[in-house]
Amino acid sequence: MALSPAPEDFTPLEGGVAARAAALAGRGRFLEALNPEQRAAVETIDGPLLVLAGAGTGKTRVLTTRIAHILSSGRARPWEILAVTFTNKAAREMRERIESLAGPGAEALQWLGTFHAISAKILRRHAELAGLKSNFTILDTDDQIRLLKQVLQAENIDDKRWPPRALAHQIDAWKNRGLSPDHVPAGEAQSFADGKGKKLYALYQERLKVLNAVDFGDLLLETLRLFRENADVLDEYRQRFKYILVDEYQDTNTAQYLWLRLIAQGRHNVCCVGDDDQSVYGWRGAEVENILRFEKDFPGAKIVRLERNYRSTGHILAAASHLIARNEGRLGKTLFTEGADGEKPTVTGVWDSEEEARAIGEDIEQLQRKGHDLEEIAILVRASFQMREFEERFITLGLPYRVIGGPRFYERLEIRDALAYLRCVAQPFDDLAFERIVNTPKRGLGDATLQVLHEYSRRESAPLMQAARVIVETEELKPKPRATLRTLIADFDRWRSLIETTPQNELAEMVLDESGYTQMWRDDKTPEAAGRLENLKELVRAMEEFPDLAGFLEHVSLVMETDESADQRRVSIMTLHGAKGLEFETVYLPGWEEGLFPHQRSLDDSGRAGLEEERRLAYVGITRAKRRLKIFFATNRRIHGLWQTTLPSRFLDDLPAANVEVKEASGGSQYGSYGVSRFANMDSYGSSYSTPGWKRAQTARESGASKPARRTPPMIEGEVLAKSSASARFVAGARVFHQKFGPGTVANVDGNKLQVDFDKAGRKMVLESFVEPT
DNA sequence: CGTAACTCTGTCTGT
DNA sequence: CAGAGTTACG
């Protein structure tokens, strides 16, 4: 178990005389760079402080300078500061910036991180008080859903009618509000499977305890409970944390808020920085009201407003302000800049998403030719599926890009498998991991075997690994699976015995090789296999940087990203949520269409509040831009595989005409001017069944799904005919193409079945109708 | 037990 | 459309 930091951990930040002198010398200088309000926010160190910081007003600068100031004035040592962020990216960036202010040693700020990461750390120290072992597993969403499914099945609830996903959502919502099963209000307990919601929640929590596991919500909730039930532990942290800082305070949910308040009520030195206009995590339980409550919870709190924007040009700021002014219920801030007006933001209509990608690609190439830095260009999308089109286009153009927050590295199949192996080694009680890999690669340990293990496991309440160990000594299994299982258990025992003595990356390589997992992918001839092997190598490489296997598994469950080399300058493609806190010279905002942005689901689920949150997201997007802002909307977009005609986003109507330039849609779309405002008379915020877009979608669904024709009809009858007649007969030796297996040569014909030697996949038996001639 | 083909269903944001 | 789950068959 982790111990408190030893004093030997001192770093130059706190340590040597020279370092301290240097810090003192620098002190005046970093305060000078601030405006009066920022300076007040930095120098009001003792007592509660709320900083209302508009976009681009130097929020991060205030936070980092404040920390540097606290350290250099000797008021606290690095490990006595609690600094909470919402994303790992924000934490990393803050650490870097503090380092550049106060010199190396920012790693001593060991309590700088996300709510979840800090909670995990606290929880591991006091695991036994929470009924856990300190090496507990952190389940991700996938594991969570799989486990819930088991719970539902055990209760004989039809998981078709009551999808585990929905239960997961419900439980998450409860956890976000700080509610454990016994605190769920009576009325809400009815909400799932005919009133079983509360019971299922309780059963799920029981299962988690047995598995020695927590989910994301538990990290907060269990820490909260730990504090509430153990006054001495709470007191320890209240004493430890002399100063508390919270970034993006508007995004805290109730559980986080309670967590924070509990600690902060010790010394009352808490500084929260937030902007109600940038609250975009309502769907995750964030309560903007927490900002409003601040003064009540901390009487005598000082409030500082930062309204001077240093980031964007006048026109961009005007567009943002005008748009956000449409929201009701704001605290109200007026951002201003003394900078130049700059270029007007542009709004461009295009025919479809393909043209959108093409237009933006060309635009970027033009900037590139003029010498603009690709690092300073970003494309911010509402939903990650929009990214693909840009990726494809940029690949053909050879334009370097980076996708941030796309499909996560650790969510990939092969990475999850590999991690499951490692979890089985490090955490032998980890049943979810065991189930995942027991028959991957295929070793003939199927449902039948697993059934036997489960039965024993349930009877003796023992982990599956333990069950297997016992069962292989009995006659319960057939000889073949019995022998296989015995070998597998022996392998795991052997690997486990090496944990202490073998570097974790070497151990991982050994596990993956000897288990046959890497071989499985080498034998796999599908096109993705090579990439998967690459990813596995990347995983092993990434492990080197960690102190041990447990440390790595902790990191991976909370953060893990692909850190691709930053050697090349690239365009960034990311979601609007992911872009919060960042800034770029040039920002592209594609996909401003009804249904996509604002997203239909937000509207359906949360009505007016949902719309306002979407608008704040638009505000976040616009305010990321320093000098150039280019908004796009397409008339046609493929949604769920169907081409649909879309309408320009209502947010376009929220932009001030005087500050925005409307560009003629290239290709002469009839939507060249979006100004024909179809929402002027609509007071509704739109329900899925009343928007024109939806109705059109219904029609489109009935009438087929071909891409709307632009000038020439895309579907040429001849093509269709040619295809169906050609599938009449194949002869041995003919070259064919299969959607999944690629090109191949027909070896044998048997009625409508063909035996084909595929170039990559080897010989397969396929139905005639599944291949086409080449 | 494993593979190929078929059926169904979701459908965004992220620690 | 894509992925998960299910069924038929070898």
Quick one: R388(A) CZ to dC1(C) P, roughly how many Å, whole number? 10 Å
So which one's nearest nucleotide on DNA chain B is more toward 5', A448(A) or T114(A)? A448(A)
So, do F385(A) and dC12(B) meet the stacking rule of ring centres under 5.5 Å and planes under 30°? no
Can T440(A) and D417(A) be counted as having a side-chain donor-acceptor contact under 3.5 angstrom? no
Does H599(A) stack onto the base of dT13(B), taking stacking as ring centres under 5.5 Å apart and planes under 30° apart? no
Phosphate-side-chain proximity, T575(A) and dG14(B), N/O vs OP1/OP2 below 4.0 Å: yes
If the plane angle is over 60° it's perpendicular, under 30° parallel, otherwise tilted; pick one for F632(A) and Y588(A). tilted
Length of the CZ-C1' vector between R637(A) and dT11(B), whole Å: 15 Å
How many Å lie between NZ on K442(A) and P on dA4(B), as a whole number? 11 Å
Would you say the side chains of Q256(A) and N290(A) form a donor-acceptor pair under 3.5 Å? no
Check ion pair E554(A)-R124(A) (N to O, under 4.0 angstrom): yes
Does K149(A) have a side-chain nitrogen or oxygen under 4.0 Å from the phosphate oxygens OP1 or OP2 of dG5(C)? yes
Between dC12(B) (P) and L611(A) (CG): distance, integer Å: 19 Å
Paired with dA2(C) by Watson-Crick or G-U wobble geometry, both distances under 3.5 Å: which nucleotide is it? dT9(B)
Roughly how many Å is it from CZ in R165(A) to P in dT9(B), rounded to a whole number? 15 Å
Using only side-chain N and O atoms of R284(A), determine if any of them is under 4.0 Å from OP1 or OP2 of dT13(B). no
How would you label the contact of F115(A) with the nucleic acid (heavy atoms, under 4.0 Å): base, sugar-phosphate, or nothing? nothing
When rounded to whole Å, the NZ to C1' distance for the pair K580(A) and dT15(B) reads 13 Å
In whole angstroms, the gap separating P of dG14(B) from CE of M574(A) amounts to 11 Å
How far does OG1 of T623(A) sit from CZ of R616(A), to the nearest 0.5 angstrom? 13.0 Å
Among dT11(B), dT13(B), dT15(B), the one nearest any side-chain atom of T87(A) is dT15(B)
Atom-to-atom span, CH2 of W162(A) to P of dT9(B) - whole angstrom: 16 Å
Distance below 4.0 Å between N439(A) side-chain N/O and dG2(B) OP1 or OP2: yes
